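The model shown is predicted, which means the values in this text are computed figures rather than measured ones.
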Amino acid sequence: MKKLVLPLIFALATLPGLADAACYASYKAKRDNPLKLHFGVAEVNDSQCTKAAAAKALSPRLEKAGWHLLSIVAMIPKDKLGEVKADAGEYFLRY
């Protein structure tokens with residue numbers, strides 16, 4: 001019984017951390033009248049860590065702010081965020 005309880009306790013203790021896991025997507029968006037374009041980086045859930053899933057998650061967020069998602073450029077590992085922060089400027093982790 002003890003052999004089953006300890007692994008179960010460990011598994012339950014690590015699940016909240018897994019639920020909070022995230023990944024990052026770089027994207028291009030536009031706004032019309034007048035035309036404005038921006039490049040940004042957004043955080044998405046770990047379960048949305050593909051271009052298609054990230055687009056589905058990010059598009060409604062951008063639409064609320066009047067932006068239209070043009071494309072997901074790339075999925076970015078957390079350790080590479082610093083490399084794109086300057087390029088995204090004010091749109092770094094904004095949406």
Suppose the criterion is disulfide (SG to SG under 2.5 Å): which pairs have a residue in [range], not counting sequence neighbours?
range: residues 63-95; answer: none
range: residues 58-95; answer: none
range: residues 62-95; answer: none
range: residues 48-95; answer: Cys23-Cys49

Of all residues at least two apart in sequence or in a different chain, which pass the side-chain contact (heavy atoms from CB on, under 4.5 Å) check with [X]?
X: Ala54; value: Ala25, Val44, Ile72, Met75
X: Ser47; value: Asn45
X: Ser26; value: Phe39, Val41, Val73, Ala74, Ile76
X: Leu70; value: Lys28, Lys30, Leu37, His68

Tyr91: which residues meet the ring-ring contact (aromatic ring centres under 6.0 Å, His included) condition with it, sequence neighbours left out? His38, Trp67
Smallest separation among heavy atoms of [X] and [Y], with atom names:
X: Ala65; Y: Arg31; result: O-NH2, 2.5 Å
X: Phe92; Y: Leu81; result: CE1-O, 4.0 Å
X: Leu58; Y: Ala42; result: CD1-CB, 3.6 Å

Write out all pairs satisfying side chain to side chain donor-acceptor pair (under 3.5 Å) with one or both partners inside residues 73-87, taking only residues at least two apart or from two chains. none
pair Leu62-Tyr27: side-chain heavy atoms closer than 4.5 Å: yes
Enumerate the residue pairs fulfilling salt bridge (charged side-chain N to carboxylate O under 4.0 Å, His left out) with a member in residues 52-65, sequence neighbours excluded, ordered by first and then second residue. none
For Arg94, check salt bridge (Lys or Arg N to Asp or Glu O under 4.0 Å) against everything at least two apart and list the hits. Glu90
